[in-house]
Amino acid sequence: MDFIDITGIESSSIIAKPSRLYYDVPVMTASPALDQHLSLLNPEQLEAVQHNSSPLLILAGAGSGKTRVITTKIAWLIGAQGADPRSILAVTFTKKAANEMAGRARQMESRAEQCRIQTFHSFGARLLRFYPEDAGLSANFTVYDDDDTVTLVSKAVPKLNRQQAARFAHKISLAKDYCLDPDSPELAEIDSTLDFPAVYRAYQNRLRGTGNADFGDLIMLPVKLLEENDRVRTAMQRRYETILVDEYQDSNAAQFRLLKALAGPGAYICVVGDDDQSIYHFRGAEIQNMLSFEDAFPGALVIRLERNYRSVSPVLSLADAVVRRNQGRLGKTLRAERGKGKKPVLAFLPDQDEETAFCAEMIEQSHNKGVLYGDWAILYRTNAQSPGFETEFLRRKIPYRVVGSLKFYEREEIKDALSWLAFMANRRDEVAFRRIINKPARGIGEVTVEKIIHTAYSSSLSFIDACREFTGGSKKAAGGIGKFIGIFDTLAALLPPAKPPEDNGTPAVMEDGMRLSAFAERLVTESGLDEYHSARDEIAGTQRLANLQELANAATLYPLSTEGLLDFLDHIELDRGMELDTSENADTVTLITLHNTKGLEFPKVIITGLESGIFPRDGKSTEELEEERRLFYVGITRAKDELYLTACARRRIYGRTEFCDPSPFLYEIDRDLVSIIGNPPPDFAGSRGGTAPPDPEQQALLNQWPKGARLFHDDYGYGTVVSRSVNNGEVVIKVVFENGGEKHFMPKYQEAALLRIGDE
DNA sequence: GACAGTGAAATTTTT
DNA sequence: TTTCACTGTC
């Protein structure tokens, strides 16, 4: 049973084995099926697959078939090397990637089913599930997501408002990505204020009080467990003889230490990644893990996969021109196996409305010629850019889906129900308790809630017992607390008590009618959440009740027991990417942030909003600029056949129209790598033809606003004209203000706000 | 404890 | 522009 075999400790203790568990068979007895899979590989891929000695770093460029390499390698290790599938651990970052890898490996080699192929976090969660007390957690711990973390920070340090709490929460999670304790001096590198360690400590105390873990703990606690606990480390090192890591460029410092601790002396370690696609440094990913792999694992072999099977060559040439600008990279050059194709198009458009229209128009025209909507993807830097496209597509009846906007598990009603479920599993879960105690309203006010929580902490009671003990408070509050206890008791009676994990003689067999879904459904009605949310459905026309039903349906696969409940919550917490609209097969245009496109590909890609300040965003350090450039690179390399880039001269930002310069990235690329359409700004190399001489009206404006002219603007204060241009027939001046800001204006339309006050 | 009104702020986010 | 946190009123 999966739940019982949490870490594979049992199997490793059952099987007596030498230092490496390879069966006593000649090395090359590959099955015909395996030979077939091997024959599909190019020489570098084959070398990467048939390597099983020193540490191995596979530098896999975009579209170079890395998933194929990893899955074939798993099949080869089992089929040709005689490796015990249970001794193979493969970790990825997303559930989706893990599922895909597991599925494809199993297709090639059925025994791969016994490999442990999962995300870093679910690996950590399972380890902790097995040794909760050693790690300082409660046996029934649940996992707090980022939102819960913010709540807990704001409660641990009441003087913080929610936004400040969110900032600290982010920093705390960053600290955990680096395995830093509240006492670590290195905390100052994240935030040098004196407050930070204190806030972190307060949060940590509160978190440990609940017995729960946050995402960071799922890596950091296993690291400590492995580093400090010989018994656990030995068991795990004996178990895993092969460790494979995908998307290694996005691993953080804690994950690196996890790998180091997990890899025993005889272990074979193989990591796959692309330093040019590292785009998550802002949340702790350390490209350094990759750049210094050869130092960390002496004797390592590096294999480059540079043959790209995805994109036509003009797309790859552009991608290379972009990423070549970066300094800290291992360096590789993709070669297009697919050969020639259409040159990327760079469109300069007047404003964002023209941008959406341009995209919609192209998509409609291609659709009329038989191209699927699903072939198209629109990429943007920030989620705030999607509404424009949505409005336009709705108007034109172009079907679309927005990837990663509002996630299923982040919906209010789902979080409500999940909090109830979490609280049923762990009665010390403060965050869950706060969420459910007075929702729907039972007349229990904030003051009463705080008193109960205080009682719980000061008398070491669970929150439900604290409710039972609680006497003070109004009559209304007492009634509400009574109701709450009643709901809890009703539900608790339905849930069989937890069995200690050692008692694994009878794995949680699923009996008919004993599903967790029945419990979840009952919970939704008993708690009053169904009434509460269906009432709001009627007002707002939302789907909350249906969502709650869907959540209950998802619980069908789990047995009605505390173990089943914890298992269910783990799976949900560690697979938050799930979207409500799972109609993946529908023929729709994809609207998606650049970050979310990692690992995806589309025949036709439009990267929008290529303007300075939007992409890259303002105020980036050199290092951050490199990451933004990699993000651009990731976007470009998603395109198989056609790539379009759009840049607007004007954009409404926060309701105000701003003039935009083209993205600096556009100035970095050779003009003959793209076909330029629309009206590029005059300073853009590659703009066609000479600029038309200004007409009298334009000349008058140019005379009125010479370079060096001093002016006053109603909103921005004093400034100086630093340059002027004629763009789309309009005079535009660039002004540097005394407050340090830079703005473009069309003086023709700014007569009211702009006042000329003299020369410099 | 619910609600309307005000003011300040505004990335990206695998788990 | 939109969103969300905070404030004051009923």
Side-chain angles (χ1 to χ4, degrees), chain A residues 91-98 118-125 143-150 154 160-167 169-170 173-174 176-177 213-220 246-247 249-252 254-255 277-285 352 379-385 387-388 391 403-405 407 409-410 438-449 474 476-477 480 570-578 592-600 609 613-620 624 627-628 630-632 634-635 651-658:
Chain A
V91 284
T92 65
F93 284 84
T94 68
K95 202 86 174 177
K96 200 173 155 202
Q118 54 189 175
T119 63
F120 262 111
H121 286 84
S122 47
F123 177 80
V143 179
Y144 280 150
D145 68 12
D146 292 344
D147 203 45
D148 300 330
T149 299
V150 174
S154 67
L160 301 177
N161 64 33
R162 204 172 166 82
Q163 192 182 44
Q164 294 166 315
R167 291 213 177 103
H170 176 247
S173 110
L174 211 50
K176 291 190 173 187
D177 287 342
D214 58 24
F215 278 131
D217 286 337
L218 295 183
I219 308 297
M220 183 170 163
D246 191 15
E247 304 280 15
Q249 76 281 355
D250 286 327
S251 60
N252 60 37
Q255 287 158 338
Q277 293 187 65
S278 168
I279 54 175
Y280 283 106
H281 179 68
F282 69 94
R283 55 185 303 178
Q352 61 187 358
L379 280 47
Y380 37 77
R381 180 63 178 78
T382 68
N383 282 311
Q385 287 162 256
T391 319
V403 174
S405 46
K407 306 228 171 68
Y409 294 116
E410 283 164 14
N438 193 39
K439 192 173 185 180
R442 297 182 188 89
I444 307 169
E446 201 182 327
V447 178
T448 310
V449 174
S474 66
K476 199 168 74 175
D570 274 359
H571 276 259
I572 279 179
E573 212 56 56
L574 302 178
D575 186 13
R576 334 204 76 248
M578 175 183 153
I592 190 168
T593 61
L594 284 148
H595 281 89
N596 266 321
T597 61
K598 199 172 77 170
L600 304 178
I614 303 286
F615 185 31
R617 282 187 67 82
D618 272 331
K620 290 285 180 184
E624 289 170 321
E627 179 147 309
E628 297 268 310
R630 290 192 291 269
L631 190 57
F632 189 25
V634 167
R651 181 176 292 273
R652 280 189 307 278
I653 298 169
Y654 308 140
R656 172 177 249 150
T657 299
E658 304 275 359

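Throughout, protein chains are lettered first and strands after them, A, B, ... in sequence-line order, and every chain is numbered starting at 1. What you see is a predicted model, and the numbers here were worked out from it, not measured in a lab.
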Tell me which one of A/Val634, A/Ile279, A/Asn383 satisfies side chain to side chain contact (heavy atoms under 4.5 Å, CB included) with A/His595.
A/Ile279
Under the side chain to side chain donor-acceptor pair (under 3.5 Å) test, which residues partner A/Asn596, sequence neighbours left out?
A/Thr593
For the side chain of A/Phe93, counting heavy atoms from C-beta on, which of B/dT15, B/dT14, B/dG1 is nearest?
B/dT14
Pairwise C1' distance for B/dT12 and C/dA5, with rounding to whole Å
23 Å
Taking for each residue the nucleotide of DNA chain B with the nearest heavy atom, is it A/Lys598 or A/Gly445 whose nucleotide lies nearer the 5' end?
A/Gly445
Output the distance between atom NZ (A/Lys598) and atom CD1 (A/Ile592), rounded to the nearest 0.5 Å.
12.5 Å
Which value, rounded to the nearest 0.5 Å, describes the distance between A/Arg283 atom CZ and A/Asp146 atom CG?
6.5 Å
When we call it a touch if two heavy atoms are under 4.0 Å apart, what does A/Ile444 touch: a base, just sugar-phosphate, or nothing?
sugar-phosphate
Please report the distance separating the C1' of C/dC6 from the corresponding atom of B/dT11, rounded so that it comes out in whole Å.
24 Å
Counting any heavy atom closer than 4.0 Å, what does A/Lys95 reach on the DNA or RNA strands: base, sugar-phosphate only, or nothing?
sugar-phosphate
Looking at side-chain heavy atoms only, is the closest gap between A/Thr382 and A/Arg617 below 4.5 Å?
yes
Considering every strand and a 4.0 Å limit on heavy-atom distances, what is the contact class for A/Gly443: base, sugar-phosphate, or nothing?
sugar-phosphate
So do A/Phe215 and A/Leu574 actually touch side chain to side chain, heavy atoms under 4.5 Å?
yes
Over all strands shown, is A/Glu446 touching base, sugar-phosphate only, or nothing at heavy-atom distances under 4.0 angstrom?
sugar-phosphate
Rounded distance in Å between the C1' positions of B/dT14 and C/dT3
26 Å
State plainly whether the residues A/Asp570 and A/Lys95 are in salt-bridge range, i.e. N to O under 4.0 Å.
no
Hey, is A/Arg381 close enough to A/Glu628 for a salt bridge, meaning N to O under 4.0 Å?
yes
Return a single string for nucleotides 5-13 of chain B, one symbol per nucleotide in 5' to 3' order, where B is base contact, S is sugar-phosphate-only contact and - is none, cutoff 4.0 angstrom on heavy atoms.
----SBBBB
Starting at CZ of A/Phe215 and ending at P of B/dT14, how long is that distance when rounded to a whole Å?
9 Å
In whole angstrom, what separates A/Gln249's CD from B/dT14's C1'?
11 Å
Which nucleotide span of DNA chain C, 5' end to 3' end, has atoms closer than 4.0 Å to non-hydrogen atoms of chain A?
C/dT1 to C/dC6
Would you call the rings of A/Phe93 and A/Phe120 parallel, tilted or perpendicular if under 30° counts as parallel and over 60° as perpendicular?
tilted
Under 4.0 angstrom, heavy atoms only, what part of the nucleic acid is A/Asn161 near: base, sugar-phosphate, or nothing?
sugar-phosphate
To the nearest Å, give me how far apart CG (A/Leu594) and P (B/dT14) are.
14 Å
